[in-house]
Amino acid sequence: MMAEGRYSNIGAGDITNKYFRYGTYNLSNQVNRHWVLNNQNGPFEDAYVKLCTGYNGTGDCSKVLGPGYGEYLNLTPINSIVLYR
């Protein structure tokens, strides 16, 4: 199942990780499919999420989610995310 685009009906109890600052974050124990959401809005509508196969924002970082979008993704090969403007 692959879903993408604008999302709805995802509650606070469904969220496992939240990030509030720009930068690079290494992931651990995030395997199989998860919703990855970019909830940026208002003055931060130019913020993006980049998913990387390596740690510290390295490797293949070609998957990018724009503001207000999300995808149901297999996070097994993803080892870090980068939040940037």
Side-chain angles (χ1 to χ4, degrees):
M1 175 182 174
M2 180 60 147
E4 64 181 281
R6 294 219 175 251
Y7 46 86
S8 61
N9 300 324
I10 296 174
D14 299 318
I15 298 170
T16 57
N17 293 20
K18 294 180 185 181
Y19 304 95
F20 296 97
R21 300 197 190 313
Y22 297 112
T24 301
Y25 298 89
N26 289 325
L27 302 180
S28 62
N29 300 317
Q30 298 295 311
V31 296
N32 299 319
R33 292 193 172 275
H34 296 260
W35 272 101
V36 179
L37 311 174
N38 183 349
N39 282 338
Q40 296 300 313
N41 57 42
F44 304 104
E45 287 185 358
D46 59 347
Y48 293 84
V49 178
K50 181 167 49 174
L51 288 81
C52 302
T53 58
Y55 288 101
N56 301 313
T58 63
D60 179 0
C61 299
S62 59
K63 185 61 170 176
V64 176
L65 299 178
Y69 282 85
E71 284 193 43
Y72 192 60
L73 299 169
N74 178 11
L75 293 185
T76 303
I78 304 301
N79 288 301
S80 62
I81 64 169
V82 179
L83 307 180
Y84 68 99
R85 288 177 93 171

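Starting from 1, each residue takes its place in the sequence as its number.
- In this structure, Y48 OH and L83 CG are separated by 13.5 Å, a value rounded to the nearest 0.5 Å.
- A distance-only check finds a donor-acceptor pair linking the side chain of R33 to the backbone of Y72 [under 3.5 Å].
- The shortest non-hydrogen separation linking Y25 to Y22 is OH-O, 4.3 Å.
- Checking side-chain atoms of N56 against main-chain N and O of T24 turns up no donor-acceptor pair under 3.5 Å.
- Atom-to-atom distance recorded for Y55:OH and L27:CG is 8.5 Å, nearest 0.5 angstrom.
- V64 and Y84 make their closest contact through CG1-OH, 3.6 Å (heavy atoms, listed as atom of the first residue, atom of the second, distance).
- The main-chain N or O of G66 is found under 3.5 Å from a side-chain atom of N38 such that the two form a donor-acceptor pair.
- From L73, atom CG reaches atom CG of N32 across 12.5 Å, with rounding to the nearest 0.5 Å.
- Judged by distance alone, the side chain of T53 and the main-chain N or O of D60 form a donor-acceptor pair under 3.5 Å.
- Summarising the geometry of T58 relative to S80, their closest heavy-atom pair is N-OG, 4.3 Å, with the distance given to 0.1 Å.
- One hydrophobic cluster, built from ILVMFWY side chains closer than 4.5 Å, holds both L75 and L65.
- Two different hydrophobic clusters hold V31 and I81 under the rule that ILVMFWY side chains link at heavy-atom gaps under 4.5 Å.
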